[in-house]
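Read through the structure below, which is laid out as structure tokens, and then see the notes.
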Amino acid sequence: MTTPSAATPSTASGQAHGPAAPVQPGAPGGRRGSLGPVGLVLAGGISVQFGGALAVTLMPRAGALGVVTLRLLVAAVVLMVLCRPRLRGHSRADWGTVIVFGLAMAAMNGLFYQSVARIPLGPAVTLEVLGPLALSVLASRRAVNLVWAALALAGVFLLGGGGFSGLDPLGVAFALAAGAMWAAYIVFSARTGRRFPQADGLALAMAVAAVLFLPLGVLESGTKLLDPTTFALGAAVAVLSSVLPYTLELLALRRLPASTFAILMSLEPALAATAGFLVLDQALAATEAAAIALVIAASMGAVRTQVGRGRVRKAAGGS
């Protein structure tokens, strides 16, 4: 999962996700100059979803909670070593924000992995992305967003076959709950980014999430987590789903507008469906493919509406 700004929807996976908030590039970039950062974002999205597919293959060895534990633990160690965040000099409000951010991160990852243990990766990411999409619609408060909400609901209806008879209801519930936590993650990611320099807040929140989840992973998987093969695969999931995409997105967002980033993140359900098909042999029915397309269209539309509203406000302000 990656982290968009609080005003725009996205998605990896979920999967649990990216830099504290997209920033506008410091220098203008033309279409030609944007190819590099666009490629970085797409590479990050592919990495997240294939990391998620690898996590599904690891679940029989370590369980869903065990996989989440390994992912958060390895990612926390790597980020703490790379960022070396300062532990002193922060206020109680700073620590409160980063702890809630870590709680949201842990819940988002745990719920999503419980979902993909029960339903295919593509539908799971499609349902999860409804959380950021709902956040964007509510933040915008424009009538046109009712259209995007209707498109998203139509996609959910198609995905569920009119009642989710083709999908495990518990898996659906976990995916929707993960989407709600993703929305909370976006809000507190932005707040953490304002309170901590660079990626320090992200590293600290990842450490909080790892510590919180460790007892659950040990309870479910015990000594299986210490198996060298299991640990190595868990480390690979952490690199593919957390460390690598975070790095790629941070590099890309130096030159890429936040609006473009958010639209690219809207493609996450399609990337997840592709990863599920190639790695897990999870083929989609025609109705499921149409459902994913509707949710992607709704997410892109909501992003463009939000960006257009921002441009109107800027023009009205004379800046």
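Positions are given from 1, in the same order as the sequence printed here.
For Arg191, the salt bridge (charged side-chain N to carboxylate O under 4.0 Å, His left out) criterion is met by no residue, not counting sequence neighbours. Every residue meeting the side chain to side chain contact (heavy atoms under 4.5 Å, CB included) condition with Val100, not counting sequence neighbours, appears here in chain and number order: Phe188. Checked against side chain to side chain contact (heavy atoms under 4.5 Å, CB included), Leu170 has the following partners two or more places apart in sequence or in another chain: Arg118, Asp168, Phe174. Contacts of Asp200 classified as salt bridge (charged side-chain N to carboxylate O under 4.0 Å, His left out), with partners at least two apart in sequence or in another chain: none.
Hydrophobic cluster membership differs between Leu70 and Leu72, with clusters built from Ile, Leu, Val, Met, Phe, Trp and Tyr side chains linked at under 4.5 angstrom. Under the 4.5 Å side-chain heavy-atom criterion for Ile, Leu, Val, Met, Phe, Trp and Tyr, Val98 and Leu87 are members of the same hydrophobic cluster. Residues Leu79 and Met105 fall within the same hydrophobic cluster, defined by Ile, Leu, Val, Met, Phe, Trp and Tyr side chains chained together at heavy-atom separations under 4.5 Å. Residues Val172 and Val56 share a single hydrophobic cluster, defined by chaining ILVMFWY side chains whose heavy atoms lie under 4.5 Å apart. In the hydrophobic clustering of ILVMFWY residues, with side-chain heavy atoms under 4.5 Å counting as a link, Val67 and Ile119 come out together.
Minimum heavy-atom separation, Gly201 to Thr192: CA-CG2, 3.5 Å. A pairwise comparison of heavy atoms in Ser47 and Val239 identifies OG-O, 4.5 Å as the closest pair.
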Got a list of side-chain donor-acceptor pairs under 3.5 Å for residues 269-282, not counting sequence neighbours?
from, atom 1, to, atom 2, distance (Å)
Thr274, OG1, Ala270, O, 2.9
Gln282, OE1, Leu121, N, 2.9

In a table with atom names and distances, give each donor-acceptor pair under 3.5 Å that connects a side chain of residues 204-222 to protein atoms at least two apart or in another chain.
from, atom 1, to, atom 2, distance (Å)
Glu220, OE1, Ala64, N, 3.3
Glu220, OE1, Leu65, N, 2.9
Glu220, OE1, Gly66, N, 3.3
Ser221, OG, Ala62, O, 2.2

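Inter-residue side-chain proximity for Phe231 and Leu225 is flagged as unmet; no heavy-atom pair is nearer than 4.5 Å. Within the 4.5 Å cutoff, the side chain of Leu240 has heavy atoms near those of the Leu54 side chain. Between Phe112 and Met181 there is no side-chain heavy-atom pair separated by less than 4.5 Å. The shortest side-chain heavy-atom distance between Glu128 and Ser115 does not fall under the 4.5 Å cut-off.
Distance CG/Leu202 to CE/Met80: 11.0 Å, rounded to 0.5 Å. With rounding to the nearest 0.5 angstrom, the CG atom of Leu111 is 10.5 Å from the CG atom of Leu176. Summarising the geometry, atom CG belonging to Asn109 is positioned 8.5 Å from atom OG belonging to Ser241; distances are rounded to the nearest 0.5 Å.
Listed by first and then second residue, the salt bridge (charged side-chain N to carboxylate O under 4.0 Å, His left out) pairs involving residues 89-102 are Asp94-Arg195 (not counting sequence neighbours). Listed by first then second residue, pairs satisfying side-chain hydrogen bond (donor to acceptor under 3.5 Å, both in side chains) with a partner in residues 53-70 read Arg61-Asp227, Arg61-Thr230, not counting sequence neighbours. For residues 47-90, the pairs satisfying ring-ring contact (aromatic ring centres under 6.0 Å, His included) are His90-Trp95, His90-Phe196, with sequence neighbours left out. Within the structure, the side-chain hydrogen bond (donor to acceptor under 3.5 Å, both in side chains) test picks out no pair touching residues 201-210 (sequence neighbours left out). Sequence neighbours left out, not one pair with a member in residues 201-218 passes side-chain hydrogen bond (donor to acceptor under 3.5 Å, both in side chains).
Side-chain atoms of Arg71 do not come within 3.5 Å of backbone N or O of Gly234 as any donor-acceptor pair.
Hydrophobic side-chain contacts under 4.5 Å tie Leu226 to no other Ile, Leu, Val, Met, Phe, Trp or Tyr residue.
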